[in-house]
K.L.:
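The structure is given below, and queries will be raised subsequently.
Fair warning: this is a prediction, and the values are worked out from it, not measured in the lab. Numbering of residues begins at 1 and proceeds along the displayed sequence. Just the heavy atoms: all of them, side chains too, but no hydrogens, waters or symmetry mates, feed the values below.
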Amino acid sequence: LKETLEISVSSLLESIKNKKQNLTFTGDLEAEVSHDREWLAEAISNIVKNAVEHTGEGGKINIDVHKGPLITKIYIKDFIREKAAVILQV
């Protein structure tokens, strides 16, 4: 998933930098999950873009991967509104 996550945020890095936001990746980043890379990268990008737009200057955004025995969950959380979204369960 790590490569898909990196692809998903690559177009947002300039906006994140301009707003002095901190984007972090945590959890099971090396998890191997069968997925459509293009679709998943677009889905993650859309959610992170929304977080960037609604998180103030200096805010934090975290992408956290949890791989379980049956499903993998990706949480995207901004630390201004304290909300998270699960966008992938495999």
K.L.:
Show, in sequence, the C-alpha distance, side-chain angles and deciding distance for L1 and L29, and conclude whether the side chain to side chain contact (heavy atoms under 4.5 Å, CB included) test is met.
P.N.:
CA-CA 6 Å; L1 281 177; L29 301 176; over 6 Å; no
K.L.:
Any side-chain donor-acceptor pair under 3.5 Å between T4 and H35?
P.N.:
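Result is yes, a qualifying pair exists.
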K.L.:
Can you list the steps and then say if K67 with E30 is a salt bridge (charged side-chain N to carboxylate O under 4.0 Å, His left out)?
P.N.:
CA-CA 10 Å; K67 180 153 179 65; E30 301 300 330; over 6 Å; no
K.L.:
Quick check for you: to the nearest 0.5 Å, what is the distance between N22 atom CG and K60 atom NZ?
P.N.:
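Those atoms lie 7.0 Å apart.
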K.L.:
Could you measure the distance from the NE2 atom of H54 to the CG atom of D78? Nearest 0.5 Å is fine.
P.N.:
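Between atom NE2 of H54 and atom CG of D78 there are 9.5 Å.
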K.L.:
Give a yes or no answer on whether the side chain of D28 reaches the backbone of A31 with a donor-acceptor pair at less than 3.5 Å.
P.N.:
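Judged by distance alone, no pair lies under 3.5 Å.
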K.L.:
Rounded to the nearest 0.5 Å, how far apart are CD of E53 and OG of S15?
P.N.:
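The OG atom of S15 is 8.0 Å from CD of E53, to the nearest 0.5 Å.
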K.L.:
Going from NZ on K77 to OG1 on T24, what distance comes out if it is rounded to the nearest 0.5 angstrom?
P.N.:
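One finds 11.0 Å between NZ of K77 and OG1 of T24.
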K.L.:
Got more than 12 heavy atoms from elsewhere within 6.0 Å of NZ, K19?
P.N.:
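Yes, because the 6.0 Å sphere around NZ of K19 holds more than 12 heavy atoms from other groups.
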K.L.:
Can you name the nearest heavy-atom pair linking I71 to K73, along with the distance?
P.N.:
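Shortest heavy-atom separation between I71 and K73 comes out as CD1-CE, 3.4 Å.
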K.L.:
Quick one: does S8's side chain get under 4.5 Å of L40's, heavy atoms only?
P.N.:
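A side-chain contact under 4.5 Å is absent here.
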K.L.:
Testing I61, L23, L13, V9 for side-chain contact (heavy atoms from CB on, under 4.5 Å) with V52, which one passes?
P.N.:
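Testing V52 for a side-chain contact (heavy atoms from CB on, under 4.5 Å) against I61, L23, L13, V9 leaves exactly one candidate, I61.
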K.L.:
Are there over 12 heavy-atom neighbours, none belonging to E42, within less than 6.0 Å of that residue's CD?
P.N.:
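No, not enclosed.
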K.L.:
Kindly determine whether L5 and I44 satisfy side chain to side chain contact (heavy atoms under 4.5 Å, CB included), including the steps that lead there.
P.N.:
CA-CA 7 Å; L5 293 173; I44 294 169; 3.5 Å; yes
K.L.:
Cluster question for you: counting only ILVMFWY and a side-chain heavy-atom cut-off of under 4.5 Å, with indirect links fine, are F25 and I7 together?
P.N.:
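In one cluster: no.
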K.L.:
Could you state the interatomic distance from CG (N46) to CD1 (I76), rounded to the nearest 0.5 Å?
P.N.:
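Reported value, rounded in 0.5 Å steps: 9.5 Å.
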